[in-house]
Trainee: 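Let me give you the structure first, and then I'll get to my questions.
Naming: A, B, ... by sequence-line order, numbering from 1 per chain. Computed from a prediction, not measured in an experiment: that's the story for all the values here.
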Amino acid sequence: MDMPTVYDPTAVEKKAYQRWLEHKSFHADPNDNQAAKGPFAIVIPPPNVTGALHMGHALNNTIQDILIRWRNMQGYNSMWMPGTDHAGIATQTVVEKRVLAEEGKRRTDFERDEFVEKIVAWKDEYEKRITNQLQAMGCSCDWDRQRFTMDDVCAKAVREAFFQLFKDGLIYRGKRLVNWDPATRTALADDEVEMQDVDGHFWYMNYPLTEPVDFEGKTLTHVTVATTRPETMLGDTAVAINPKDPRAAVLAGKSVKLPIVERIIPIVADDYVVLPDADSDDAKAQFATGFLKVTPAHDPNDWEIGLRHDLGIINVMAPDGTISNEFGWKDQEENIHEGATFLGMDRYEAREAIVCWFRDHNLLEEVKPYTHTVGHSYRSHVAIEPYLSDQWYVKVTDDRLAGAALRAMKNEQRSNSDGCVWKDGDSFEGQNKDWEGGLKFYPDRYAKTFQTWHENIRDWCISRQLWWGHRIPVWRRPVALETPPDNLAEMVEVLAVWQNEGRVAMQYRGEFVELAKIEKEDLDLTAFFVCVKDPQGEDKKIVKELEHWGLEQDPDVLDTWFSSGLWPLSTMGWPDDNDVLNTWNPSSVLCTAREIITLWVSRMVMFNLYFRDCLPFNDVFIHAMIQDGEGQKMSKSLGNGVDPLDIIHSHGADAMRFTLASMTTQTQDVRMPVDVVCPFTDEAFVPKMTSTKAGHRVMKPLQNCPSDKEKKFATSYGVMSGEVTPSDELPLARNTSSKFDIGRNFANKLWNASRFAMTNLEGAESKDISIEDLAWEDRWILSRLALTAKEVNDQLEEYKFSEPINTLYKFFWNDLCDWYLEIVKPRMRDDDKKHISQKVLAYILDVTLRLFHPFTPFITESIFEQLNALYPDRDIKGLPANAQADNLIDANWPTDMSSLIDAKYDSDMELVQSVVRTIRDIRAHYKVAPREPIMVSIKSTQEQCDILSEQASLISHLTNLSDFSAAMDVSKPDNAAVKVIGQMDIYVHDVVNVEEEKKRLTKQKEEIEKFIANAEKKLSNENFVSRAKPEVVQRERDNLEDLKQQLDSVNKNLTDLG
RNA sequence: GGGCGAUUAGCUCAGUUGGCUAGAGCGCUUCCCUUACAAGGAAGAUGUCGCAGGUUCGAGUCCUGCAUCGCCCACCA
């Protein structure tokens, strides 16, 4: 046996992981007929290749690994699909930054392919790093199946999905306002927009009515609009008023003459407009005039209003944010009048100029200061410009997508909200698909997020103006041709053939093409879209032809979530029909954080239902978000992430997993203060207290972070004064947190308890024994173990993680180590009987290791290996048997032990424990050295005395007694200390100090009296007696009776003291 | 603005359908290097359960309001 006294994770972890890889323990075969319980699968939430993983990922993956290992041991054919996500814009951006920093070049200085190569290099680097991190954590992913959202397999699924949706009319091209960064001239994703509070103004501007209107006896000549963005007025195409506004009756349908450009625009009635109300809490109502200028090309809400009222769309800006009439300002043929003055001005220049113009023309009613939040580019930090452009959409509002997702929800988790458009007609009760009502969220509350999202869903814009991602497989003309190509007729005919063959799908002006009906000469190629099914493979020649005809592939790429949404399909080889897909899709559970319920979970559900007519997973477990010490979300962009490798370095992987599991309660946030920044490197000499047989303290090097106790000790020896020279190769500091001490302490305890067992098993002969041979304490610990195993299993079934780890921890530390191992020590020295306690110990250790394995795989695997080597046959006749296994990861989950649970052992043991604790307490109180034997006698009921007498030697051993007796008629020796526990009087002889004893007893007396008063108050309350549950009342009565007896006893003992 | 959550010991957190004389780990106090473990053992101290009301025989737990903090979604009148 080779077990150092201090557990060293580094030595164990690498070896164990290597062993698992060699044994192919992570690999699952879809045709595995050994797995009796059927398939179990998890697809990993693919981490972005933008950077290394942080503690949030560590938590996420620890949870998944626990589930996979547990189910695998239970006999499921379990498979954990690993992989990474290309994370479109985020990755492109980090690479752009790196290239700018390292080479001083911008993306646009490169060809597209050239730059994408640089991103691929980055991706390779981080994919490798992420894989290393996951392996260091112990993740039992099926690495043979590792995928990347842009690899060939996934790309095929993406193209197939796009083609099908396109063909089915669920993808369309439409206009949308994107988040435009005028400085870098790119569109940004919503999450790349930073909200900043800006001190701005409300400008109140008058727009003259084309003809005066009488209202309540007054003649109105103009309306006043309030805006924070006067410069966009050049693109106004309407003024809106709320239909409930009294003025709407006379004004709606009238028109105004827009100043400067003199455009005649209508006044429309729209609910969106806020009614003015000076007393309102709503800032908008306070500032509102009731009239809203409508600029569909420059404001998302105005865009919506424009759609509702069929308004014109006038874009008055160039991509660089200057006023321009070259990008959709189409009314210039009517003369833009004074608008020309502002052409070429920057948007802020134009703002001032236009305000001046209004002031000069007496049309500026008022200016009020106003603070509001404005989106800014996280890259250039300039204000985002909502900019009109053509984009691709998925029509998720279709019932086949969002409606299906809603129907998939577990019925009891779905609330009946009125706003749900899909509830019309048939109710959810009428289930006709087997996946309906199958999707369940843990904890429940997240079902609501999912439901609300789908009930209010808007079509999903899937195109991104990026270089990094899946190219959109659509060919079209970017710019209209001067004259139609002369071979157009030929093209249309050939396309018709391909369409019939199912190789292409076409849309023209938003409609499906019936080629025969198209007037070929009029075909506008810019509105003609050809989607190719497999452009990289089978349909290469089609692409060639299309390009020959002057069509080009859409330069945009797909939103990252499009490929992520296909993850459970693409990783398993969809669209090819295959065993992997048929075995593990639907997968069993998805583990993720709540922030991506809408972005990711929703899309996976919709896609899997649509493409495969089944759920991607049945359960969704939403775990906590890890925050730093200030309560901020841990994220890469904030730079507050802690690398799991740092924790593994300082505490070990099992310790990290242990702590993470114990933090996983139902709460939605957990804080992880980085309260120790460990200044030590691998070469550093950190003192470690340890003891030798000679009783001297020595210091030895330790690679880990010191505990607080060690630091205290080391400081007192002057070692921590910072004279340590850090190594050049290693980082100066590693972030870690004393939160993980509990895990490390646990690992060390498990290591040493096992070491104790091994010491006693080394060279032991394994004889056959049966349950009848077992001692009382053996039955007790087996009962405890059986109960623990049952609870752990039940808790895991409900996706509880802190509860099972705590249950196990308590069993292991409090029952097994604190009591059982101490009890069993003398038996290990008894040559006649030690083979029994050896075998029981081996059995218990075996089961304990199996139960801990999903949580702390490395250390348990290592100990299991040593246990196998020393003592392979651990079966006891009459006890549930567990199959031998070479590796714990492949071993079976403990067989049901419920038959061993017996509350009598527990209650008897509790009695023994209370006696032992009391004796120790008195010993400590009277400062009797632990080595000095003492005498104890106990007066109690016959029943209790019988139990105690049976365990006399055990009690004596645990408290170092020279003599012990328990009987009904024991009287108190004169100089004995006494403690009353329930019906027992415990006398510890020859230690008494009368004054001290009086103090102790008086204190106890006061306590009891307090409780009695409490109980009596309750019981004298008529209402309590009559209304509380009878068993509660009875319990209170029994309790009072006990207390009174105790009080009598205490009083008597006090009197005896004189 | 809409939604979700948190507030319990000095710190980080448990506390399941109301029955609580409110728990754990760390830290703190006292003693102990006893041959598994000082990353340990034995014993001990520590709480107006954010505030204010309400329901109830009974509230840390349920309801209402308030305060503070956090997250998600939406939003440049």
Trainee: Out of A39(B), U12(B), A36(B), which has the shortest distance to the side chain of Lys739(A)?
Mentor: U12(B)
Trainee: Mapping Tyr446(A) and Phe746(A) to their closest nucleotides on RNA chain B, which lands nearer the 5' end?
Mentor: Tyr446(A)
Trainee: Is the charged tip of Lys448(A) near the ring of Phe441(A): under 6.0 Å from the six-membered ring centre and within 45° of its axis?
Mentor: no
Trainee: Please work out if Arg923(A) contacts a base, only the sugar-phosphate, or nothing of the nucleic acid, heavy-atom cut-off 4.0 Å.
Mentor: nothing
Trainee: Could you state the atom-to-atom distance from OH of Tyr926(A) to P of C31(B) in whole Å?
Mentor: 18 Å
Trainee: Please state the P separation for the pair C37(B) and A42(B) - nearest whole angstrom.
Mentor: 15 Å
Trainee: Check every strand shown and say whether Asn1014(A) touches a base, only sugar-phosphate, or nothing at a heavy-atom separation below 4.0 Å.
Mentor: nothing
Trainee: Could you check whether Asp818(A) gets within reach of a base, just the sugar-phosphate, or nothing at all, counting any heavy atom under 4.0 Å?
Mentor: sugar-phosphate
Trainee: Can you identify which nucleotide, out of A77(B), C76(B), A45(B), has its nearest atom closest to the Ala288(A) side chain?
Mentor: A77(B)
Trainee: Taking A59(B) as the reference, what is the distance to U21(B) when you measure between their P atoms (whole Å, please)?
Mentor: 10 Å
Trainee: Under 4.0 Å, counting only non-hydrogen atoms across every strand here, what does Thr759(A) touch: a base, just sugar-phosphate, or nothing?
Mentor: nothing
Trainee: If the cut-off is 4.0 Å, is Lys1018(A) near the phosphate of U21(B), judged by side-chain N/O to OP1 or OP2?
Mentor: yes
Trainee: What's the separation between atom CZ in Phe450(A) and atom OG in Ser602(A), rounded to the nearest 0.5 Å?
Mentor: 5.5 Å
Trainee: Among G40(B), A43(B), G19(B), find the nucleotide with the atom closest to the side chain of Trp813(A).
Mentor: G40(B)
Trainee: Say you pick atom P in G50(B) and the same atom in A9(B); how far apart are they, in whole Å?
Mentor: 8 Å
Trainee: Taking the minimum atom-to-atom distance to the side chain of Lys448(A), which one of U21(B), G3(B), A39(B) wins?
Mentor: G3(B)
Trainee: Below 4.0 angstrom, N of the basic side chain to O of the carboxylate: do Arg1035(A) and Asp1038(A) qualify?
Mentor: no
Trainee: With rounding to whole Å, what would you report as the distance between A67(B) and C51(B) at their C1' atoms?
Mentor: 7 Å
Trainee: Which protein N or O atoms sit under 3.5 Å from an N or O of nucleotides 48-50 of chain B?
Mentor:
none

Trainee: Using salt bridge (Lys or Arg N to Asp or Glu O under 4.0 Å) as the criterion, list what pairs up with Glu1022(A), not counting sequence neighbours.
Mentor: none
Trainee: Checking all strands, does Ala753(A) fall into the base, sugar-phosphate, or nothing category for heavy-atom contacts under 4.0 angstrom?
Mentor: base
Trainee: For C37(B), take OP1 and OP2 only and decide whether either is under 4.0 Å from a side-chain N or O of Arg755(A).
Mentor: yes
Trainee: Which residues pass the salt bridge (Lys or Arg N to Asp or Glu O under 4.0 Å) test with Arg229(A), not counting sequence neighbours?
Mentor: Glu231(A), Glu385(A)
Trainee: In whole Å, what is the span from the CG atom of Leu660(A) to the P atom of G25(B)?
Mentor: 19 Å
Trainee: Please report the interatomic distance CD(Glu798(A)) to OH(Tyr442(A)), rounded to the nearest 0.5 Å.
Mentor: 8.0 Å
Trainee: Between G40(B) and C26(B), how many Å separate the two C1' atoms, rounded to a whole number?
Mentor: 15 Å
Trainee: How long is the span from the CD atom in Glu365(A) to the OG1 atom in Thr224(A), to the nearest 0.5 Å?
Mentor: 4.5 Å
Trainee: How would you list, by chain and number, every residue that makes a salt bridge (Lys or Arg N to Asp or Glu O under 4.0 Å) with Lys293(A), sequence neighbours excluded?
Mentor: Asp236(A)
Trainee: Tell me which donor-acceptor pairs under 3.5 Å the side chains of residues 1006-1018 of chain A have, and how far apart each pair is, sequence neighbours excluded?
Mentor:
none

Trainee: Taking the side chain as C-beta and beyond, is there a heavy-atom pair between Asp921(A) and Lys979(A) under 4.5 Å?
Mentor: yes
Trainee: Of all the choices, U21(B), A43(B), A77(B), which nucleotide is nearest to the side chain of Leu292(A) once you look at every atom?
Mentor: A77(B)
Trainee: Phe812(A) has an atom CZ; how far is it from atom C1' of A36(B), in whole Å?
Mentor: 10 Å
Trainee: Need one value for Glu822(A): base, sugar-phosphate or nothing, where a base atom within 4.0 Å counts as base even if backbone is also close, heavy atoms only.
Mentor: base
Trainee: Please pick, from U30(B), A77(B), C75(B), the nucleotide with the shortest atom-to-atom distance to any side-chain atom of Lys927(A).
Mentor: U30(B)
Trainee: How many Å lie between NE2 on His957(A) and P on A42(B), as a whole number?
Mentor: 13 Å
Trainee: I want to verify a distance call: between C76(B), A36(B), U21(B), whose nearest atom is closest to the Pro386(A) side chain?
Mentor: C76(B)
Trainee: Look at the side chain of Ile742(A) and decide which nucleotide, out of A43(B), G25(B), A77(B), has an atom nearest to it.
Mentor: G25(B)
Trainee: Hey, does Trp203(A) reach any base, or is it just sugar-phosphate, or nothing, if we go heavy atoms under 4.0 Å?
Mentor: nothing
Trainee: Of the nucleotides A39(B), A36(B), C76(B), which has the atom closest to the Asn748(A) side chain?
Mentor: A39(B)
Trainee: Counting a pair only when it is Watson-Crick or G-U and both distances are under 3.5 Å, which runs of at least 3 such pairs involve RNA chain B?
Mentor: B:1-7 with B:67-73, B:10-13 with B:23-26, B:28-32 with B:40-44, B:50-54 with B:62-66
